[in-house]
Amino acid sequence: MVRDINKDSLSPTKKSEKNWKWFEVSNIWANDIQSLFGYTLVASLFISYQVTGWTAFSALIVAGLIVTFLVNISGKAGVDYGIPYPVLARSSMGIHGAKLSAIIRAVVAVFWFGVQTYFASTALHLLIIALTGIELKTTVLGLDIVGWFSFFIVWILQMVIFSKGMNWVSKFLNFAAPFVYLIMIGLLIVLWSESKGELFSAANNIFSNKSSTFDSEINGFLQL
């Protein structure tokens with residue numbers, strides 16, 4: 001639901017202003033849930049806890065469903081009645097109390113923006129290295145000159161996108177989000193080919209501990 005940025009941001013969104021359809025909503029879900037950061041985090045925990053592939057995959061699915069459920073609850077008032085979150089927070093916490101939730105949301109947003117920028121720039125960094133063959137040993141704060149270049153390029157690109165307003169962000173998501181699934185399908189085909197048809201067994205056992213037990217799998221699932 002995109003509103004005119006010149007209007008009072010606390011006023012309800014009218015039915016005529018609700019111009020997001022299932023395609024826009026699904027793209028938002030794809031961007032929030034099917035994220036590079038989320039998959040990388042799961043992969044790192046997958047390795048750290050040495051669980052089987054199916055345990056890691058199950059944890060990923062459950063986590064996605066939990067996030068989707070909570071997001072739907074927090075957004076229900078907006079979807080049904082056009083009420084923005086700050087107004088919803090004021091109804092239970094008061095005008096001043098709602099500032100706490102606003103600060104928490106802002107901190108999370110800053111963290112998420114930084115994380116997404118870093119992971120997206122890492123992908124660009126690896127692409128540049130793969131295409132040019134450049135290998136730099138000198139780093140500053142863990143990044144070489146190509147890494148910092150990639151980071152600032154992605155940072156500036158995101159700022160340009162956000163500066164255009166939510167209507168432009170929606171259009172960009174409609175264009176970019178479907179590529180997430182196309183790339184996932186492409187990677188799956190490549191992995192299946194490289195594993196010679198044994199992808200499921202390989203993914204299930206590649207990082208698992210041979211001495212793992214049911215309790216260790218449950219503990220790893222909960223940690224994931």
Side-chain angles (χ1 to χ4, degrees), residues 1-42 44-45 59-122 151-152 154-178 180 221-224:
M1 294 166 289
V2 181
R3 63 172 66 247
D4 186 345
I5 59 175
N6 295 321
K7 291 184 58 179
D8 182 3
S9 59
L10 297 181
S11 61
T13 302
K14 297 179 181 178
K15 187 174 182 179
S16 60
E17 297 173 323
K18 297 181 179 181
N19 52 15
W20 281 18
K21 307 300 181 182
W22 69 267
F23 187 65
E24 286 81 3
V25 175
S26 64
N27 289 335
I28 288 292
W29 184 86
N31 181 69
D32 289 342
I33 305 300
Q34 313 295 335
S35 66
L36 180 61
F37 169 66
Y39 285 132
T40 304
L41 177 61
V42 169
S44 64
L45 294 175
L60 178 64
I61 295 299
V62 171
L65 291 175
I66 291 175
V67 171
T68 301
F69 175 72
L70 295 176
V71 167
N72 286 338
I73 289 179
S74 64
K76 183 173 177 57
V79 173
D80 291 346
Y81 307 108
I83 301 174
Y85 179 79
V87 175
L88 180 65
R90 289 182 178 187
S91 65
S92 58
M93 304 177 67
I95 295 177
H96 297 293
K99 295 179 181 178
L100 175 60
S101 63
I103 292 175
I104 294 175
R105 280 161 57 91
V107 171
V108 173
V110 170
F111 169 79
W112 189 246
F113 178 85
V115 166
Q116 291 285 51
T117 301
Y118 171 74
F119 276 89
S121 68
T122 300
F151 181 83
F152 282 110
V154 174
W155 188 1
I156 293 172
L157 177 61
Q158 290 195 95
M159 295 303 295
V160 170
I161 293 173
F162 287 126
S163 68
K164 297 291 185 178
M166 286 304 299
N167 280 312
W168 206 89
V169 171
S170 174
K171 293 178 181 178
F172 178 79
L173 284 177
N174 291 341
F175 169 77
V180 173
F221 176 86
L222 296 176
Q223 295 295 330
L224 289 170

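Just so you know, these numbers use all the heavy atoms, side chains as well, and skip hydrogens, waters and symmetry mates.
For F69, the ring-ring contact (aromatic ring centres under 6.0 Å, His included) criterion is met by no residue, not counting sequence neighbours.
Taking CG of L157 as the reference point, atom CZ of F152 lies at 14.5 Å (rounded to 0.5 Å). Remark: L70 CG to L65 CG distance equals 11.0 Å, nearest 0.5 Å. With values rounded to the nearest 0.5 angstrom, S121 atom OG is found 11.0 Å from Q116 atom CD.
Ring-plane geometry between F172 and F175 is classed as tilted, the angle between the planes lying from 30 to 60 degrees on a 0 to 90 degree scale.
What you find for S101 and A98 is that their closest heavy atoms are OG-O, 2.8 Å. Looking at every heavy atom in both residues, V154 comes nearest to T117 through CG1-O, 3.9 Å.
Remark: I73 CD1 is packed, more than 12 non-hydrogen atoms of other residues, nucleotides or ligands lying under 6.0 Å away. In F151, the CZ atom is crowded: over 12 heavy atoms of neighbouring residues, nucleotides or ligands sit closer than 6.0 Å. More than 12 heavy atoms of other residues, nucleotides or ligands sit less than 6.0 Å from atom CZ of F113.
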Extract all donor-acceptor atom pairs below 3.5 Å that involve side chains of residues 87-94 and protein atoms in other chains or at least two apart in sequence.
{"unit_1": "S91", "atom_1": "OG", "unit_2": "L88", "atom_2": "O", "d": "2.5"}
{"unit_1": "S92", "atom_1": "OG", "unit_2": "A89", "atom_2": "O", "d": "3.4"}

(request) Go through the steps to decide whether W155 and Y118 satisfy the test side-chain contact (heavy atoms from CB on, under 4.5 Å), and finish with yes or no. (result) CA-CA 9 Å; W155 188 1; Y118 171 74; over 6 Å; no
